[in-house]
Amino acid sequence: MTNVLVESSSFPEFGRPDAGLVLISEWRTPDAERRQAVMDGVIDAWAEARLPESFLGRYCLVGSDGLTILNYAQWTDAAAHHAFAADPANQRAIAESVQALISVGPPGRYRYERSVVLREGPLRTLATAPSETGVAQYVHRGEDGKTVRVLTAHDDEGDGTTVRFRPCRGLVRPRG
């Protein structure tokens with residue numbers, strides 16, 4: 001693993017083998033301008049922080065409704081994330097910065113479980129619910145072992161009836 005973090009404008013690497021914890025949440029903002037400011041502020045705050053090697057990546061994906069953000073983060077394991085989050089210096093450096101941008105509850109805590117290929121096609125958008133019309137599904141199981149979160153990949157922009165997400169900004173630790 002490298003100690004270098006790089007900006008990314010891609011989808012997360014679902015099923016990244018070194019990711020033992022995935023944090024997923026959806027945030028809603030009042031308008032598209034605020035949404036962009038929140039995404040930029042979150043990624044900038046994380047880029048400026050001293051992040052441990054257990055941090056693998058954080059992605060802000062932009063919703064097609066102009067208001068929603070899909071937040072997706074990867075850590076090597078839950079214990080490493082807990083230790084980082086419990087440190088008061090990290091709380092000041094990151095948590096306060098994020099809370100100044102948007103008030104949200106804690107993200108859902110998951111472990112990537114599997115991918116299900118539904119049909120061939122490129123990944124253009126991502127929905128946060130299971131769908132038979134997608135090209136793939138990325139299944140995540142909650143830490144409680146009961147909760148399941150499915151992200152469905154699509155090869156089109158959709159018809160506007162459900163929010164679809166595209167990559168905007170991310171911060172990732174490349175493998176290798």
Side-chain angles (χ1 to χ4, degrees), residues 2 4-16 18-19 21-51 54-76 81 84-85 90 93-110 112 115 121-131 133-140 149-175:
T2 176
V4 176
L5 295 170
V6 297
E7 285 263 349
S8 172
S9 59
S10 301
F11 284 100
E13 180 185 344
F14 301 107
R16 183 174 170 158
D18 51 349
L21 174 68
V22 177
L23 305 172
I24 303 172
S25 56
E26 285 183 62
W27 302 341
R28 191 158 174 86
T29 60
D31 54 47
E33 183 178 305
R34 182 73 178 148
R35 180 188 62 184
Q36 190 63 48
V38 167
M39 288 187 295
D40 288 342
V42 166
I43 296 300
D44 290 346
W46 281 81
E48 293 169 9
R50 293 181 45 111
L51 297 167
S54 55
F55 170 82
L56 301 176
R58 181 164 195 159
Y59 303 83
C60 287
L61 291 92
V62 60
S64 58
D65 63 353
L67 306 173
T68 310
I69 301 165
L70 179 63
N71 178 54
Y72 189 96
Q74 296 168 312
W75 288 77
T76 56
H81 176 259
F84 179 80
N90 296 332
I94 295 179
E96 290 177 5
S97 297
V98 172
Q99 291 300 320
L101 295 164
I102 189 167
S103 296
V104 294
R109 301 173 64 84
Y110 302 90
Y112 173 82
S115 294
L123 171 53
R124 293 197 203 281
T125 59
L126 195 66
T128 57
S131 169
T133 64
V135 295
Q137 293 179 338
Y138 305 104
V139 181
H140 300 75
R149 183 81 186 246
V150 178
L151 303 177
T152 303
H154 293 272
D155 59 358
D156 60 18
E157 297 294 321
D159 61 7
T161 59
T162 60
V163 177
R164 299 266 185 99
F165 296 91
R166 289 177 285 104
C168 183
R169 284 190 70 193
L171 184 64
V172 64
R173 186 179 312 283
R175 289 195 288 150

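Note that these values count all heavy atoms, side chains included, but never hydrogens, waters or copies made by symmetry. Along the sequence shown, the residues carry numbers beginning at 1. What you are looking at is a predicted structure, and each value in this text was computed from that prediction instead of being measured.
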message = Within the 3.5 Å criterion, strictly below it, is a donor on Trp27 or Thr29 matched to an acceptor on the partner's side chain?
response = no
message = For Phe14, give me all partners under ring pair (Phe, Tyr, Trp, His ring centres under 6.0 Å), at least two apart in sequence or on another chain.
response = Tyr72, Tyr138
Considering residues at least two apart in sequence or located in another chain, which fulfil the side chain to side chain contact (heavy atoms under 4.5 Å, CB included) criterion with [X]?
| X | value |
| --- | --- |
| Ala49 | Leu51, Ile94 |
| Val135 | Arg119, Ala153, Asp155 |
| Val150 | Pro130, Gln137, Val139, Val148, Thr152 |
| Asp31 | Glu33, Arg34 |

Asp44 and Arg169: CA distance, side-chain angles, deciding distance, side-chain contact (heavy atoms from CB on, under 4.5 Å) verdict = CA-CA 10 Å; Asp44 290 346; Arg169 284 190 70 193; 2.9 Å; yes
Which heavy atom in [X] sits nearest to a heavy atom in [Y], and how many Å separate them?
| X | Y | answer |
| --- | --- | --- |
| Pro167 | Ser9 | CB-O, 3.3 Å |
| Leu67 | Arg35 | N-NH1, 3.7 Å |
| Met39 | Cys60 | CG-CB, 3.7 Å |
| Thr68 | Arg28 | OG1-NH1, 3.4 Å |
| Arg173 | Phe55 | NE-O, 2.8 Å |

Mind checking the [atom1]-[atom2] spacing from [X] to [Y]? Nearest 0.5 Å is all I need.
| X | Y | atom1 | atom2 | result |
| --- | --- | --- | --- | --- |
| Glu13 | Leu56 | CD | CG | 9.5 Å |
| Gln74 | Leu21 | CD | CG | 9.5 Å |
| Leu171 | Trp46 | CG | CH2 | 9.0 Å |

request  = Please lay out, stage by stage, how Val163 and Thr128 fare under the test side-chain contact (heavy atoms from CB on, under 4.5 Å).
outcome  = CA-CA 8 Å; Val163 177; Thr128 57; over 6 Å; no
task = Quick one: do Leu126 and His154 satisfy side-chain contact (heavy atoms from CB on, under 4.5 Å)? Show the steps, please.
result = CA-CA 6 Å; Leu126 195 66; His154 293 272; over 6 Å; no
ask   = Mind checking whether Trp75 and His81 have parallel, tilted or perpendicular rings, split at 30° and 60°?
value = perpendicular
query = Should Glu157 and Arg164 count as an ion pair when the cut-off is N to O under 4.0 Å?
reply = no
key: Validation row: Arg16, Val172 side chains within 4.5 angstrom (heavy atoms)   = yes
ask   = Does some side-chain heavy atom of Tyr59 sit less than 4.5 Å from a side-chain heavy atom of Leu70?
value = no
task = Apply the test side-chain contact (heavy atoms from CB on, under 4.5 Å) to residues Leu151 and Phe165: give CA-CA distance (whole Å), side-chain angles for both, the deciding distance (0.1 Å), then the verdict.
result = CA-CA 10 Å; Leu151 303 177; Phe165 296 91; over 6 Å; no
inquiry  = Once salt bridge (charged side-chain N to carboxylate O under 4.0 Å, His left out) is applied, do any residues pair with Glu26, and if so which ones, sequence neighbours excluded?
reply    = Arg149
